[in-house]
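See below for the structure under consideration.
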Amino acid sequence: MSNTELPKTYNPREVEDKWYQYWEENKYFHARLDKKRQPFSIVMPPPNVTGQLHMGHALDNTLQDILTRWRRMQGYNALWLPGTDHAGIATQAKVEEQLQKEGTNKYELGREKFLERVWDWKHQYGSRITTQLRKLGSSCDWDRERFTMDEGCSKAVQEVFINLYKAGLIYRDNYIVNWCPHCRTTISDIEVEHSEKPGHLYHIKYPFKDNPHQYLVIATTRPETMLGDVAVAVHPEDHRYSHMVGRTLILPLVGREIPVIADAYVDPAYGSGCVKITPAHDPNDFEIGRRHQLPQVQVIGKDGCMNEQAGEKYRGMDRYQCRRQIVKDLEEQGLLVKIEDNPHSVGHCYRCDTVVEPMISKQWFVKMKPLAEPAIQAVKDGRIRFIPQRFTKIYLNWMENIRDWCISRQLWWGHRIPVYYCQQCGEMAASKEPPAGCPQCGGKMEQDPDVLDTWFSSALWPFSTLGWPEQTEDLEHFYPTSVLVTGRDIIFFWVARMIFSGLHHMKEVPFKEVFIHGLVLDAQGRKMSKSLGNGVDPLEVIESHGADSLRFMLVTGNTPGNDLRFHFERLDKSRNFANKLWNASRFALMNLDDYDENADRGELTLADRWILSRYHNAVKEVTDFLERYELGEAARVLYDFSWSELCDWYIELIKPRLYGKTAPRDRAAAQHVLVTVLRGTMELLHPFMPFITEEIWQHLPHKGESIMLQAWPEYDPELRDLEAENAMSLVMETITEIRRIRGEMKVPPGKVAETILVAADENSRSILAENTGYVQELAKAEVNIKESLAEKPEQAAMGVARGVEVIVPLKGLIDIDKEIARLKKELQNIEKELQRVQGKLNNQGFLAKAPAEIVEKEKAKEKELLGKQTVLAGRLKMLQ
RNA sequence: GGGCGGGUAGUUCAGUGGGAGAACGCUUGCUUGACACGCAAGAGGUCGGAAGUUCAAUUCUUCUCCCGCCCA
């Protein structure tokens, strides 16, 4: 392809799929096990198998891909292991929805047929999200793709369950759990989201049995639960009530006799100081009930409606309908004292937002204390490090206050609990295979109908995906993984559970570092959600702006751990950047027809030495920032370097040489430096923008099959050339000064401006003398350098750059008034600066205590300012 | 109630114990042999408020106000 045929604007759609296919077909993502090389491994947080890519995934996977591509280029044996999650409730709910549309339901189908339907669903949609991850450019090892319900992961789940069961760390108990009446399953404590809701506090009279005219007033937010009351509690030291402890009350509407008990849990200041106790429908009451051996009366059923224990009148009513009825009935009987407004926190199901019903139920739990202990230790002693560090505290605080984990779910889709119950004697046995018969009586055994919490299997992800419980080579080489990248919203759900699981089953941490990122919010700062309809579809963005732009936008202008608002303007910025890179390369290619790497080259010029120095500075900074997980800063360095230094200056500076206005050897040198720096810049940018960098790199002179297999650019201190940087900035500032004067004095763009540069300093003079070409070319100026100038032309505009007087004679063109105004303003600024600097230099404390180099710097600054002031003030005087 | 994050240019956000930055927007001028998704020049900020530490604070400490999140 002829290079000059490259289109003017970069079109990502034409190249992205092509390169992804090329990479994947050539197995460049595949991590061939190589024990000689240092491993770098990441396991991908598995998205829901039937889900769709959202911005959160896009961010999470972009970060992982950047780290993986970078480490791979650095020579690590880099593995990024992808996979999907079976997502119990979510997936089951989708299939149930489907069935409903067909006019049937899972019960009609039966468990087996239903599960077939879910697998069908999984097969139909399971590749959707992985295809979408490819669109993003994810360089994960698809040969090792896993699924939480595949054979290996399922084996790991069974193994873990049985291990924990045998160790006494899994138990079954009748306990108060969170029940979602909509999802019809239990959920764990962290799956309950609390939110403040307007509500009421109802004050109700509970009369004494021995004296119906005497009563206690209790306060409750949920009057419907009174049907399940078994006691009224007061604080033991509450003198108002303590003498009543032991007496009996008659529960209104029900007529049940219930005792007055004393418990320190009661807050005497809340409500009336008397609390009704409903062990079956409140976690705190449950605990009190256990302490006092009270009965448990369950009055709300699994459908969220009142059951037969609620009494004939209320039975079948929905809990809220019942609440209204109870209030009405109490009022009629004169037992309702008052109703107060009382906003309070209500628990909702994280999946469907239904108000959760606390309920007593026989469920499986993981005993957390013994598991949490080592997990706390691993983070405390630094075997696992959180980035940013502040998440350490959040993690520890949660781990230290952890409660047992309810792991059974009343679902069909998931890992079925590997426990069998004897139908005859009730014996219970945990086993991978169905037992032939009861070990006690030989009776028939049946498996527990419930499945495990989805997070139970994802907790094993870092080792189950590497082959555990088999002792595979992958496991040996890649475990523990290097870093886990995930959102701050699943630290508890997932990160914490992987840590204790890894420590318990592998005896080693699952990862050494946890890189936490924030959430992608909409432009107004709201969480993107389906119900709000404010989500931005990454695939649409990729379609319109390209995956590289999306990726670049997601990592720039953001700090680790902080949320990120999605602004389309920022996307444009990234797209413009991609286009800039594209055009810089297009320009390079238009001037490389005769490029020969081994051609006889002229000496490097100042511009060459300068850009090489700046490039190596960028190499160092980018690498350092990546090491520190400052991905946004690394990207910023590359953006600034590419645009401001490489494009705006270097390319402009070498144009005369490329256009053959100087010796051919000079052209060859310019070509060489341009190719070197541009190619290196593409390599540095490749982890961030994999597609466009590959496309450009392939067009540039190169060796090798793909940019992604290139060695990461190495910082060469030999090429850092501070002298060149210094000299170049004098040239650049001089050019800028002339341009400014031209602009302000309205010198026509085409007109060459005669310019006198007066430099008393010999070094400056020689730098300018050697580089007049640059000034002439970029400032369109005819330059005349002088050591001093006795007679300064009156019809001229003037400025100072680094001690060099820049004089542009403008006979007939100059607007003296304008020049005077400008000089005055500049002098004012200088005055202000001088005041600050001299204030410091006159301060004895500063001179005595500040580091010598700082003092020197301030002195140099003062000198420069004074020089500038003298020149400009003199000029002003002359014009006035 | 406890914890965390944020408050910096008109807007969205970086950043820092020693001369306040970017993008977009704005003003002015440019079809300059890569790019108008561009080039050049420019205007614009008491870095939320108060006190303290320091030679020096936008940056560190304390208090305080506002916004957001998490936990109880």
Side-chain angles (χ1 to χ4, degrees), chain A residues 3-4 6-11 189-190 193-194 345 388 390-394 396-398 401 488-489 491-492 518-519 521 523-527 545-546 549 553 556-559 561-591 630 632-633 635-636 639-640 643-644 647-648 651-652 655-656 658-659 735-750 777-780 822 825 832-833 836-837 839-851 853-855 857-858 860-862 864-865:
Chain A
N3 295 325
T4 45
L6 290 182
K8 267 183 157 185
T9 46
Y10 172 62
N11 187 351
D189 292 337
I190 53 173
E193 288 181 348
H194 296 271
S345 176
R390 67 183 133 95
F391 290 104
T392 308
K393 215 169 151 183
I394 293 173
L396 287 175
N397 183 48
W398 187 73
N401 296 295
R488 60 170 172 76
D489 51 333
I491 294 176
F492 305 147
L519 274 38
L521 308 174
Q524 282 109 64
R526 299 171 305 179
K527 222 170 139 172
H545 287 71
S549 299
M553 178 268 186
T556 44
N558 181 241
T559 325
N562 284 6
D563 291 347
L564 160 97
R565 291 193 195 191
F566 195 98
H567 289 278
F568 280 93
E569 304 83 75
R570 295 194 40 230
L571 200 57
D572 289 340
K573 169 190 163 182
S574 296
R575 184 207 44 200
N576 294 353
F577 179 50
N579 196 51
K580 189 71 182 174
L581 296 172
W582 180 250
N583 275 290
S585 311
R586 207 164 75 94
F587 169 79
L589 294 167
M590 289 165 81
N591 292 284
E630 300 268 8
E633 282 296 279
R636 182 190 54 78
Y639 181 92
D640 289 345
W643 201 312
S644 310
C647 292
D648 287 349
I651 285 182
E652 295 303 324
K655 275 181 178 173
L658 289 179
Y659 294 158
I735 290 170
T736 302
E737 193 59 27
I738 299 172
R739 282 171 171 172
R740 210 202 77 236
I741 291 171
R742 293 185 61 117
E744 285 182 12
M745 293 301 143
K746 307 240 188 279
V747 177
E777 205 61 38
L778 297 193
K780 270 236 159 76
R822 210 205 85 230
K825 191 178 174 199
K832 234 166 74 185
E833 269 295 281
R836 202 187 52 76
V837 173
K840 275 189 177 183
L841 290 170
N842 292 333
N843 180 341
Q844 285 309 312
F846 176 74
L847 294 175
K849 294 192 179 175
E853 56 177 274
I854 297 288
V855 177
K857 222 169 126 185
E858 294 296 318
K861 206 182 297 170
E862 185 195 27
E864 189 177 341
L865 286 167

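Since this is a predicted model, take the numbers as computed values, not measurements. Each chain gets a letter, A, B and so on, in the order its sequence line appears, and its residues count up from 1.
By the neighbour-count criterion of 12 heavy atoms within 6.0 Å, atom CD of Q524(A) is densely surrounded, having more than that number from other residues, nucleotides or ligands.
Among the nucleotides G19(B), C30(B), U12(B), the one closest to the side chain of E833(A) is G19(B). In this structure, the nucleotide among G15(B), A14(B), A34(B) sitting nearest to the side chain of E630(A) is G15(B). Here the nucleotide nearest the side chain of H567(A), chosen from G19(B), C24(B), U12(B), is U12(B). In this structure, of G15(B), A34(B), U12(B), it is G15(B) that holds the atom nearest to the side chain of T559(A). Picking from A14(B), U12(B), G19(B) the nucleotide with the shortest atom distance to the side chain of E858(A) gives G19(B).
Comparing the P positions of C63(B) and A20(B) gives a spacing of 29 Å, expressed to the nearest Å. Rounded to the nearest Å, the gap between the C1' atom of U59(B) and that of G17(B) is 6 Å. Taking the C1' atom of each, U27(B) and G10(B) are spaced 14 Å apart, rounded to whole Å. Nucleotides A22(B) and A14(B) have their C1' atoms positioned 7 Å apart, rounded to a whole Å. With both ends at atom P, the span from G15(B) to U32(B) equals 38 Å, rounded to whole Å. When the C1' atom is compared between G3(B) and A51(B), the two are found 25 Å apart, to the nearest whole Å. When the P atom is used for both A9(B) and U64(B), the distance is 25 Å, rounded to whole Å. The C1' atoms of C47(B) and G19(B) are separated by 15 Å, rounded to the nearest whole Å.
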### Query
Once each nucleotide of nucleotides 52-61 of chain B is scored for protein heavy atoms under 4.0 Å, what B/S/- sequence comes out, 5' to 3'?
---B------
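The pairing partner recorded for G52(B) is C60(B), the criterion being a Watson-Crick or G-U wobble arrangement whose two distances lie under 3.5 angstrom. When both distances must be under 3.5 Å, the Watson-Crick or G-U wobble mate of A40(B) is U28(B). Remark: G1(B) base-pairs with C71(B); criterion is Watson-Crick or G-U wobble with both hydrogen-bond distances under 3.5 Å.
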Listed pairs, N/O of protein and of nucleotides 38-48 of chain B, under 3.5 Å:
unit_1: G38(B); atom_1: OP1; unit_2: N576(A); atom_2: ND2; d: 3.2
unit_1: G38(B); atom_1: O3'; unit_2: K580(A); atom_2: NZ; d: 3.0
unit_1: C39(B); atom_1: OP1; unit_2: K580(A); atom_2: NZ; d: 2.8
unit_1: C39(B); atom_1: OP1; unit_2: W643(A); atom_2: NE1; d: 2.6
unit_1: C39(B); atom_1: OP1; unit_2: D648(A); atom_2: OD1; d: 3.3
unit_1: A40(B); atom_1: O3'; unit_2: R739(A); atom_2: NH1; d: 3.3

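Annotation: the span from L841(A) atom CG to K861(A) atom NZ amounts to 9.0 Å, rounded to 0.5 Å. Remark: K580(A) NZ to K573(A) NZ distance equals 15.0 Å, nearest 0.5 Å.
What separates CG of D563(A) from P of C13(B) is a distance of 10 Å, to the nearest Å. Rounded to an integer number of Å, the gap from CD1 of I854(A) to C1' of G18(B) is 5 Å. Distance, R565(A) CZ to G6(B) P: 14 Å, rounded to whole Å. The separation between K573(A) atom NZ and G25(B) atom P is 13 Å, rounded to whole Å.
If you check every strand for non-hydrogen atoms under 4.0 Å, K857(A) touches nothing. Nucleic acid contact for R836(A): sugar-phosphate only, since backbone atoms but no base atoms lie under 4.0 Å from a heavy atom of the residue. At a threshold of 4.0 angstrom between heavy atoms, the contacts of I651(A) include nucleobase atoms, whether or not backbone atoms are also involved.
Taking only side-chain nitrogens and oxygens, Y659(A) never comes nearer than 4.0 Å to OP1 or OP2 of U32(B). In terms of phosphate contacts, R586(A) brings a side-chain nitrogen or oxygen within less than 4.0 Å of OP1 or OP2 of C35(B). OP1 or OP2 of A34(B) sits under 4.0 Å from a side-chain N or O of K655(A). Dashed line: the shortest gap from a side-chain N or O of R742(A) to OP1 or OP2 of G29(B) is not under 4.0 Å. For G3(B), neither phosphate oxygen OP1 nor OP2 lies less than 4.0 angstrom from any side-chain nitrogen or oxygen of K393(A).
Partners of R575(A) according to the salt bridge (charged side-chain N to carboxylate O under 4.0 Å, His left out) rule, which considers only residues two or more places apart in sequence or in another chain, are D572(A). By the side-chain hydrogen bond (donor to acceptor under 3.5 Å, both in side chains) test, N11(A) pairs with E14(A), sequence neighbours left out. Not counting sequence neighbours, D489(A) has no partner by the side-chain hydrogen bond (donor to acceptor under 3.5 Å, both in side chains) test. Qualifying salt bridge (charged side-chain N to carboxylate O under 4.0 Å, His left out) partners for R822(A), counting only residues two or more places apart in sequence or in other chains: E744(A), E819(A), E826(A).
By the 30° and 60° cut-offs, the orientation of the rings of F492(A) relative to W398(A) is parallel. Relative orientation of the W643(A) and F577(A) rings is parallel, given thresholds of 30° and 60° on the angle between their planes.
F846(A) is listed as a side-chain neighbour of I854(A), based on a closest heavy-atom distance under 4.5 Å.
At least one donor-acceptor pair closer than 3.5 Å links the side chain of N583(A) to the backbone N or O of N579(A).
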